[in-house]
2 protein chains.
Amino acid sequence: MLNKFYHTAEDMIRHHGGRATAGRIGILATLLAEQQAITHREIEQRLPQSLQLDRVTLYRTLEWLVENGLIHKITSDDRVWRYNANLEPHSHQHAHFKCTGCAQVICLDNLPIEQNWPLPTGYRFQEIELTVKGLCANCC
Amino acid sequence: MLNKFYHTAEDMIRHHGGRATAGRIGILATLLAEQQAITHREIEQRLPQSLQLDRVTLYRTLEWLVENGLIHKITSDDRVWRYNANLEPHSHQHAHFKCTGCAQVICLDNLPIEQNWPLPTGYRFQEIELTVKGLCANCC
DNA sequence: GCTTGCGCCGCAACTGAGTTGCAACAATGA
DNA sequence: TCATTGTTGCAACTCAGTTGCGGCGCAAGC
């Protein structure tokens, strides 16, 4: 039932003081319904016929959602951003898994990431990005 | 003395059975002389006037050097590859540091990276990519 | 040293992700 | 309902990286 996600999405957006436009709700609901991180292309494809957005609008909306902490974006080696909804128990610092076969990207929540990396003197730690690569169950 | 790097570069290329062309030697020497990972743009700028290469040649040469294990390439969040020479003591699996101020990227060799990540059942580990972000000594 | 074949190089054109400027539109608050 | 202000769509752009192809040059063989 996608309706549930639309309702949740609208709530999340309003609680952040943003205008609850059809585009924002649809995009966030799409990401909430997804078990993996997906690209802007995949988001476009999953949006209903009744909600066809311009590419630029999609990019700007995703940017807004990232800035407001409702989703996060993931760097990959194919030069394409992937996006994933921020669920509550989601730690902000977590690792990702990318399948080298089908390019699927999922979040690995149960990885405790230490923050004490031995950096050169004078360097300051901010955050960490960790991607484990391998084959998913389907591609093995 | 850049000559030393040119000599080393030529040796490395010949030992891998490749043609020791001016382009390959120059690019590899440039990367050997560098303390950090640099982009294709930066490589272009550092090449001597006498060795101005076409962008395509640069990309193809870098690809060849990567395939032959003489350099490695690093994914970043600005969608630009960075390249670094593979020194002997360099472990193939190592982490990188990226300064969020000046975009400088260096290799962190002394990070022991474990290979036993708790992946979902049926998933197979291949490799890991780890980037620590923060501020370098100059940008602090 | 000279020739020759294969591999490397340069050029031109292309792809595809992401960005910018601007005018038109619509969600919200009064 | 109306006005304001933030959001959207369009067009054009940037920039990294890729592809096809003709031609040049490195290295092997003589």
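Quick note: numbers below take in every heavy atom, side chains included, and nothing from hydrogens, waters or symmetry partners. Below, chains carry the letters A, B, ... as their sequence lines are ordered, and counting in each starts from 1.
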Item to check | Any donor-acceptor N/O pair, Thr131(B) side chain to Phe97(B) backbone, under 3.5 Å | outcome: no
Next on the checklist: Between P on dT18(D) and CZ on Arg60(B), what's the gap in Å once rounded to a whole number?
Outcome noted: 10 Å
Item to check | Distance in angstrom units between Tyr59(B) OH and dG20(D) P, rounded | outcome: 18 Å
Checklist entry - Looking across every strand, which nucleic acid part, if any, lies under 4.0 Å from Val80(B) by heavy atom: base, sugar-phosphate, or nothing? => result sugar-phosphate
Item to check | Any N/O donor-acceptor pair, Arg19(A) side-chain to dT5(D) base, under 3.5 Å | outcome: yes
Checklist entry - Could Arg46(A) and Glu34(A) be called an ion pair, given the rule that one side-chain N must be under 4.0 Å from one carboxylate O? => result yes
Checklist entry - Heavy atoms under 4.0 Å, any strand shown: does Arg41(B) hit a base, just sugar-phosphate, or nothing? => result sugar-phosphate
Checklist outcome for this item: Here the gap from Leu119(A) atom CG to Cys136(B) atom SG, rounded to the nearest 0.5 Å, amounts to 11.0 Å
Checklist entry - Between Asp78(B) (CG) and dT14(D) (C1'), how many Å, whole number? => result 15 Å
Next on the checklist: Once you apply a heavy-atom cut-off of 4.0 Å, does Thr61(B) come out as touching a base, just sugar-phosphate, or nothing?
Outcome noted: sugar-phosphate
Item to check | Atom pair distance, as rounded to whole Å: CG in Asp77(A) and C1' in dG17(D) | outcome: 14 Å
Item to check | Pair His94(B)-Asp109(B), side-chain donor/acceptor within less than 3.5 Å | outcome: no
Next on the checklist: Just to be sure I understand the rule, does Thr21(B) reach a base, reach only the sugar-phosphate, or reach nothing, if contact means heavy atoms closer than 4.0 Å?
Outcome noted: sugar-phosphate
Checklist entry - Under 6.0 Å between the ring centres of His40(B) and Tyr59(B)? => result yes
Next on the checklist: Between Asp78(B) and Lys98(B), does any side-chain N to carboxylate O distance fall below 4.0 Å?
Outcome noted: yes
Checklist entry - Just how far, in rounded Å, is C1' of dA11(D) from CZ of Arg55(A)? => result 11 Å
Checklist outcome for this item: Min and max contacting nt of DNA chain C in 5' to 3' order, chain B heavy atoms within under 4.0 angstrom, are dG5(C) to dG18(C)
Item to check | Rounded distance in Å - CD (Glu10(B)) to C1' (dA27(D)) | outcome: 13 Å
Item to check | Rounded distance [0.5 Å steps], CG in Leu32(B) versus CE in Met12(B) | outcome: 5.5 Å
Item to check | Between P of dC24(D) and CG of Asp54(B), the distance in whole Å | outcome: 15 Å
Item to check | Pairwise 5' ranking along DNA chain C for Ala22(B) and Arg79(B), keeping only the more 5' one | outcome: Ala22(B)
Checklist entry - Please give, in whole Å, the distance from dT14(D) C1' to His40(B) NE2? => result 12 Å
Checklist entry - Which part of the nucleic acid does Arg24(A) contact within heavy-atom distance under 4.0 Å: base, sugar-phosphate only, or nothing? => result sugar-phosphate
